[in-house]
Amino acid sequence: MKIEFDISSELDKVIREAASNCEGLRDDFDPQVRQADERFGDFQANGMLSYAKQTGQNPRELAQRLIDALPESNFWETSIAGPGFINFVLSSSFYYKWIEKFGNSSKLRQESRTDKPRKIVIDFSSPNTAKQMHVGHIRSTIIGESLARLLEFQGHEVIRDNHLGDWGTQFGILLYAIKREHISLDDLGPDPIASLENLYRQGTSWTKEDPVCLSQARKELVKLQNGDPENLNLWEKIREISMSSFHSIYKMLGVHFDHSYGESFYRDKVEPIYEKLLKHNICIIDEGALVVFHPEHKRFAKQPFIIRKSDGASNYATTDLATVEFRKKEWNADQIIYVTDGRQRDHFEQLFLTVKKWYAAENVDSPTLSHVWFGTILGEDNKAIKTRDGQPVKLIDLLTEATDRAQNMVIEKKPDLELSEVKKRAKKIGLGAVRYADLSQDRTLDYVFAWEKMLAMQGNTAPYLQYAVARIHSIFRKAEIEPLDIPPTSYFPTSESERKLARKLLFFPIVLKQTTKELKPHFLGGYLYELATEFSSFYNQSKVMVEDKNIMHLRLLLCARTLHLMEIGTEILGIETLEEM
RNA sequence: GCUCCUGUAGUUCAAUGGAUAGAACAUUGGUCUCCGGAACCGAAGAUCUGGGUUCGACUCCCAGCGGGAGCGCCA
C-alpha cells in the first residue's frame, strides 16, 4: 500500500485489487471502507456482509479469503470481527510516515486540490438595501463565505456574488417618505442606515393607514422603474448608504464579494427570458400572469412558478432566471450555489426545473444548480425572526456584544495586557464564537436565537479551538524551534495519547471530502473540535519537552501537524486563530 | 386540503445502513510542585409511538402523534 493522502480511498483501491484475484468476489464487490470505531481499529471494511449475503456465501470465510489475498504489508494488521467486519489497524510506522509526508501546510493544500477545477458562483448573504442587517442574515453570510473558502481551498475558481435585494417594492414607500418629510440623504445623522430604516417603518405605517399614501408610494415606485432621474438618484444614494453599512459588517467578518450586482442589475434583462420561454412553450399565460407548470412533478403540476405578474411587472422568479443566464453567458459558470433560507426550497426547485427545460430546449449545457439551504432563526415565540414584529436583534449589535464579552474575558485572564492587544484578541475570540455557534451545527436545522448560545465561549466553541492552537504556539516558543524544522525521529507514535492524536490527523482528508460533498461545514467543525480535544488530552498526558530527543521530536511533530490542520480548518470556517490568548 | 422539513440525555447539538448512540452545558467526584486550569480524567443521564424492509435501523419504507414551513401575483 502506498502512503496516500486519503487513506480510505487508497485502502479501497488495494482491497478491490485483492478482491479481483479472490475466489467468490466479482468486480461489483464494494469494500465499503469506513473510518472505524476506535475500539476496533483505524479503518474497517463492511462490504463482506452484504456481498456474502447476496451471493449466498459465508461472510467470515469470504473475509478470510480476502485477507489472504491482500498484499503483504507491515503497515497494517487485519482481523475479522463479529459477523464479518474486516478491521485494519495501521502500524505506528505508517502513522509516522503519513504525518511526516503530509505535514507542512503547502503540502496539505496541494494534496487537497482537485484535479478538476470548476468555476463556481456562490450567491450568498443578499440583504435588502435600505435596511440594516439583522441576525437573520448571519447564516447565509457565514455559511456562504465558509463554502467559498472550502471550494477555493480545493482549487476551484469561486465567484462570490451578493445578490442584493435592491429593486423591491420597499423603494416606493421609502421614496414617498423621503419626499414627504423633505429628507436630505446627505444629512441623515450619525447612523444613516438606521435613519433610513426608521423612515421606511414610518412610511409603512402611513401607507397602511391611508390608501392615499399607498397610492402615492406606488406612484413613486413606478416613477423609479420608469427611470425618473430624481428617484433614480435617490435610489442610488440609498444603495450607497446601504452598501457602506453592509461593508462594515463584512469587514468585521472577513467576508468579501467579487460582485454585488443585485436584482436591479437584471431589471432590463428580463424581456428576452419571457420571449424564450414562450417560444419553447415552457410557460403559459394563466389568470393574466405568465407562469410555468411542471406537469411531471407532483407538486408543481399545479403550483405555479410565476415569472411575470398579471400587471406585467417582473418578480424575483424573473430576475433569478435572468441571473442564471448572465452567470452562464458572462462567467461561463459550471455551478451556481444559492445559500438561502430553507423556506425558499420550492422556489429554487421550480427555478431549477425551469432552467433545465429552457436550456435543454436551446441545447446548451446548464450549470449545476445547487440550493444550499439552512434552517430559520426563530424568535422566542418559535416563529421566524421578522423585521416587522418586535425588534429583531441587529447583526451589528450581536457582533459588538460578542467582542465586548470576549474583551471582558481577556482582561480577566490577562489584566496587564495592553488595550490594543486586548481588543485585537477579543475581536478574534468573540467573532469566532459567533461564527462557530452557527457553523458547528447542521445547517438544515432551525434554531431559536439566544444570546447565550451565540456567545458561548466554554465547551464546544471557537475559543476552545483557539485555545488549543495558542497552546501549540506556546510550546514552539518554549522549545525555540519552528514547526517546519523538526528533525526526523526513530520514535513512532506509541503511547495511547500519541496514537490517538496521530490517528485523528489521518482522518482530515476524509472529513474534507465529506464536508465538500454535503456542503455542510459542521462536519469540518466537528472534526476540528475532536482534533482539539485529542490534542488537549495528549497535552495533559504527554509532556512534549522531554530529555529523550527522539520522543520530543515525535511529539513536536504531532504538535506541528495538529497546528497546521487546525489553522487550515479554522481558516475555512472563517475563524481566526491566535498565537497567544 | 396538498406537499416538504423535523422529533435523540434535564437543555443545546452529533452520529456516510454497521459492532456497546458521541459531545457540550447543567448536576456531580477527582487532577492544582503541570510545556498556559479558557484545560484534563471520571460518574449519572437519551433514539416520539406502532408496524415493515434488512444479516444489521437514530438512519430507509408505511401509519399515527407532536413541532415548523411552503402552496398565484413579497423575496
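Please read all numbers here as calculations on a predicted model, not as lab measurements. Letters A, B, ... are given to chains in the order of the sequence lines, protein chains preceding strands, and every chain is numbered from 1.
Across all strands, A:Gln44 comes closer than 4.0 Å to base atoms (heavy-atom distances). At a threshold of 4.0 angstrom between heavy atoms, the contacts of A:Asn87 include nucleobase atoms, whether or not backbone atoms are also involved. Counting non-hydrogen atoms under 4.0 angstrom, A:Asp311 reaches nothing in the nucleic acid. The residue A:Val291 sits close to a base: some heavy atom pair falls under 4.0 Å. As judged by a 4.0 angstrom heavy-atom cut-off over every strand, A:Phe305 is placed among residues making no nucleic acid contact. When heavy atoms are screened at a 4.0 angstrom cut-off, A:His347 is found touching no nucleic acid atom at all. Contacts of A:Ser537 with the nucleic acid, taken as non-hydrogen atoms under 4.0 Å apart, involve only primed sugar atoms and P, OP1 or OP2. Residue contacts for A:Thr319: at a heavy-atom cut-off of 4.0 Å it reaches no nucleic acid atom on any strand shown. As judged by a 4.0 angstrom heavy-atom cut-off over every strand, A:Lys453 is placed among residues touching the sugar-phosphate backbone only. Nucleic acid contact class of A:Ala52 (heavy atoms, under 4.0 Å, all strands): none. At a threshold of 4.0 angstrom between heavy atoms, the contacts of A:Phe523 are confined to the sugar-phosphate backbone, with no base atom among them. Contact annotation for A:Gln466: no contact, since no heavy-atom pair falls under 4.0 Å across all strands. Within the 4.0 angstrom heavy-atom criterion, no nucleotide atom of any strand lies near A:Met457. In this structure, A:Thr376 reaches neither bases nor backbone, as no heavy-atom distance under 4.0 Å exists between it and the strands shown.
Counting only residues at least two apart or in different chains, side chain to side chain donor-acceptor pair (under 3.5 Å) contacts with residues 450-460 of chain A comprise A:Tyr436-A:Asn460.
Here B:C35 presents its P atom at 14 Å from CZ of A:Phe535, a figure rounded to the nearest Å. Atoms CZ (A:Phe293) and P (B:C71) sit 15 Å apart, rounded to a whole Å. Regarding A:Ile80, its CD1 atom lies at a distance of 16 Å from the C1' atom of B:C55, rounded to whole Å. Between A:Arg60 atom CZ and B:C55 atom C1' the separation is 14 Å, expressed in whole Å. Rounded to whole Å, the distance from OH on A:Tyr447 to P on B:A14 is 12 Å.
Residue A:Leu49 places its side chain closer to B:C55 than to any other of B:C40, B:C55, B:A38. Candidate nucleotides B:G18, B:C73, B:A39 were compared by shortest atom distance to the side chain of A:Glu287, and B:C73 ranks first. Distance from the side chain of A:His522 is smallest to B:A14 among B:G18, B:A14, B:G36. Closest to the side chain of A:Phe85, from the set B:G18, B:G36, B:G72, is B:G18.
At distances below 3.5 Å, not a single donor-acceptor pair connects side-chain atoms of A:Asp42 with backbone N or O atoms of A:Val89.
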Full working for salt bridge (Lys or Arg N to Asp or Glu O under 4.0 Å) between A:Lys500 and A:Glu38: CA-CA 9 Å; A:Lys500 283 173 86 167; A:Glu38 218 169 334; 3.7 Å; yes
Full working for ring-ring contact (aromatic ring centres under 6.0 Å, His included) between A:Phe300 and A:Phe305: CA-CA 8 Å; A:Phe300 306 136; A:Phe305 186 55; 8.5 Å; no
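Of the nucleotides present, none pairs with B:G45 by Watson-Crick or G-U wobble criteria with both distances under 3.5 Å. Base-pair partner of B:A38: not found among the strands shown (Watson-Crick or G-U wobble, both distances under 3.5 Å). The pairing partner recorded for B:A21 is none, the criterion being a Watson-Crick or G-U wobble arrangement whose two distances lie under 3.5 angstrom.
Taking A:Asn315 as the reference, A:Thr318 meet the side-chain hydrogen bond (donor to acceptor under 3.5 Å, both in side chains) condition, with sequence neighbours excluded.
Not a single donor-acceptor contact under 3.5 angstrom links the side-chain atoms of A:Asn382 to the base of B:G67. Looking at A:Tyr467, its side chain has no donor and acceptor atom pair within 3.5 Å of the base of B:A38. A donor N or O paired with an acceptor N or O is not found under 3.5 Å between the base of B:A19 and the side-chain atoms of A:Asn46. Applying the 3.5 Å distance criterion, the base of B:C73 shares a donor-acceptor pair with the side chain of A:Ser310.
In terms of phosphate contacts, A:Lys383 brings a side-chain nitrogen or oxygen within less than 4.0 Å of OP1 or OP2 of B:A69. Put simply, A:Lys478 has a side-chain N or O that comes within less than 4.0 Å of OP1 or OP2 on B:G36.
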Distances under 3.5 Å only, N/O to N/O: pair up the protein atoms with those of nucleotides 58-63 of chain B.
none

Show the distances under 3.5 angstrom between N or O atoms of the protein and N or O atoms of nucleotides 20-24 of chain B.
{"residue": "B:U20", "atom": "O2'", "partner": "A:Arg39", "partner atom": "NH2", "Å": "3.4"}

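Under a cutoff of 6.0 Å and an axis angle of 45°, A:Arg308 and A:Tyr274 form a cation-pi pair.
B:G45 sits 9 Å from B:G10 when the C1' atoms are compared, rounded to a whole Å. Rounded to a whole angstrom, the distance from the P atom of B:A46 to that of B:G1 is 37 Å.
Ring geometry for A:Trp235 versus A:Phe171: interplanar angle over 60°, hence perpendicular rather than tilted (30 to 60°).
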Contact pattern, 5' to 3', of nucleotides 2-10 of chain B - B, S or - by protein heavy atom under 4.0 Å: -SSS-----
Base-contact (B) and sugar-phosphate-only (S) positions in nucleotides 26-33 of chain B, heavy-atom cut-off under 4.0 Å, - elsewhere: --------
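Side-chain contact annotation: A:Thr577 with A:Thr570, donor-acceptor N/O pair under 3.5 Å absent. Using modelled atom types and a 3.5 Å distance limit, the side chains of A:Asp346 and A:Gln303 yield a donor-acceptor pair.
Closest-nucleotide positions on RNA chain B for A:Lys309 and A:Glu580 were compared, and the one nearer the 5' end corresponds to A:Glu580. Mapping A:Glu518 and A:Met409 onto RNA chain B via the closest heavy atom, the residue that lands nearer the 5' end is A:Glu518.
Here the NE2 atom belonging to A:His134 is positioned 8.0 Å from the CD atom belonging to A:Glu197, to the nearest 0.5 angstrom. Separating the CG atom in A:Asp404 from the CG atom in A:Leu455 is a distance of 10.0 Å, to the nearest 0.5 Å. Taken to the nearest 0.5 Å, the OG1 atom of A:Thr129 stands 10.0 Å off from the CH2 atom of A:Trp167. Separating the CZ atom in A:Phe43 from the CD atom in A:Gln35 is a distance of 6.5 Å, to the nearest 0.5 Å.
Shown here is A:Glu496, whose CD atom has no more than 12 heavy atoms of other residues, nucleotides or ligands within 6.0 Å.
Salt-bridge check for A:Arg299 with A:Glu349: passed, with a basic side-chain N closer than 4.0 Å to an acidic carboxylate O.
Ring pair A:Tyr464/A:Tyr529: centre-to-centre distance below 6.0 Å. Taking the six-membered ring wherever Trp is involved, the centroid distance between the rings of A:Phe326 and A:Tyr266 falls below 6.0 Å.
When each of A:Ile7, A:Leu11, A:Asp6 is paired with A:Ser9, the side chain to side chain contact (heavy atoms under 4.5 Å, CB included) condition holds for A:Asp6 and for no other.
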